[in-house]
Number of protein chains: 2
Amino acid sequence: MRIGELAAQAGLSKDTIRFYEKIGLVTGRRLPNGYRDFSPETVTWLHYVRTAQTLGFSLAEIGRNFEELRDAPDSAEALSGLFEEKIRVIDARMAELAALRADLDARVGTGCPLRVS
Amino acid sequence: MRIGELAAQAGLSKDTIRFYEKIGLVTGRRLPNGYRDFSPETVTWLHYVRTAQTLGFSLAEIGRNFEELRDAPDSAEALSGLFEEKIRVIDARMAELAALRADLDARVGTGCPLRVS
DNA sequence: CTAAACAGTGGAGTACGCTCCAAGGTCAAG
DNA sequence: CTTGACCTTGGAGCGTACTCCACTGTTTAG
């Protein structure tokens, strides 16, 4: 798969993918003509990158996951582990949101002390 | 309260607070000697800023809330409205996270296709 | 009176995550 | 053989959110 198709399928720009390659977030083979050639799994990987990113992980952190994954003896197992870890993060994030929601909820209509200056 | 104390209580650096003032995220009176003088409520406000930020709101968005709040005829009512709106945003974000979680959950242990090459 | 601890300003620099060129090579269709 | 869609590279630029610096002024304690 060349970069344009990958970009379309992953919902990213080509420039973004080239940028990700530069920082080691994706790797691609090259065709004889120099064009990048990505495996279909890269689409899944990029979706995961997006997910992790919205969860607050930096590209550097995600890149470290990528390396761990690549070096793992069992990649399916490693991936499951990664996902489980992300799920824990999501749960924590949701708990945070719930707490904030409760806090705001309690303040609604109370003329609470956030009067500014 | 001068900037140093505010910084300590809010867990931010003085530079950050001066930066926030520059972009209109906090406002302060000035003492006769030119030093900034913040009200105690600013601490609460800054905590709110921190929270909103970790939830993914940009400083610009938070700043708009701040202005709406300041310009509102009835500040208590405006604040309630703001909180209710935030709650809706939070609910939406939680639903998003729940979907993400379900997605990851479904992949765990399936030896899903994310082999990286 | 002096030293230390605070405060002020303006402006430069940094890290992150893109985004947009410009100039050029590759390739299939007509 | 040209046109157009695709690809390449390097490098500049941008928005966000700080962070640091140099230099200066103010206040307080000894």
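Just so we're on the same page: letters track the sequence lines, and every chain starts at 1.
Residue contacts for A:Ile3: at a heavy-atom cut-off of 4.0 Å it reaches the sugar-phosphate backbone alone, with no base atom in range.
Between B:Asn33 and D:dT27 there is a side-chain N or O to OP1 or OP2 distance below 4.0 Å. Applying the 4.0 Å criterion to OP1 and OP2 of C:dG8, one finds that B:Arg18 has a side-chain N or O inside that range. Within the structure, every side-chain polar atom (N or O) of A:Arg50 is placed at least 4.0 Å from both OP1 and OP2 of C:dG17. At C:dA7, none of the side-chain N or O atoms of B:Arg36 fall inside 4.0 Å of OP1 or OP2 (strictly under the cut-off). When the side-chain nitrogen and oxygen atoms of A:Arg30 are compared with OP1 and OP2 of D:dT9, one or more of them lie within a distance under 4.0 Å.
Side-chain atoms of A:Trp45 never come within 3.5 Å of backbone atoms of A:Pro40 as a donor-acceptor pair (strictly under, hydrogens ignored). Remark: the backbone N or O of B:Ser58 is paired with a side-chain donor or acceptor of B:Glu61 at under 3.5 angstrom. A:Thr51 contributes a side-chain N or O that, together with a main-chain N or O of A:His47, makes up a donor-acceptor pair within less than 3.5 Å. The backbone N or O of B:Phe38 lies less than 3.5 Å from no partner atom in the side chain of B:Thr42, so there is not a single donor-acceptor pair. Checked by atom type and distance alone, the side chain of B:Asp37 pairs as donor or acceptor with a backbone atom of B:Met1 at under 3.5 Å.
A:Glu61 has its CD atom 9 Å from the P atom of C:dG17, to the nearest Å. Distance CZ (A:Arg2) to C1' (D:dA5): 9 Å, rounded to an integer number of Å. Remark: C1' of D:dA17 and NZ of B:Lys22 are 11 Å apart, rounded to the nearest angstrom. Counting to the nearest Å, the P atom of C:dC27 and the CG atom of A:Asp37 are 13 Å from each other. Rounded to a whole Å, the CZ atom of A:Phe19 is 14 Å from the P atom of C:dC20. Between A:Ile62 atom CD1 and C:dC18 atom P the separation is 9 Å, expressed in whole Å. Taking atom CD1 of residue B:Ile17 and atom P of nucleotide D:dC20, one finds them 15 Å apart after rounding to whole Å. Rounded to whole angstrom, the span from the OH atom of A:Tyr35 across to the P atom of D:dT9 amounts to 11 Å.
Hydrophobic clustering (side-chain heavy atoms under 4.5 Å, transitive across Ile, Leu, Val, Met, Phe, Trp, Tyr) keeps A:Ile17 apart from A:Leu31.
For DNA chain D, the residues of residues 5-16 of chain B within the heavy-atom distance limit of 4.0 Å (strictly under) are B:Asp15, B:Thr16, sorted by number.
Distance check: B:Tyr20 OH to B:Thr27 OG1 gives 15.0 Å after rounding to the nearest 0.5 Å.
Between the side chain of A:Tyr20 and the base of C:dG17, no donor-acceptor pair of N or O atoms lies under 3.5 Å.
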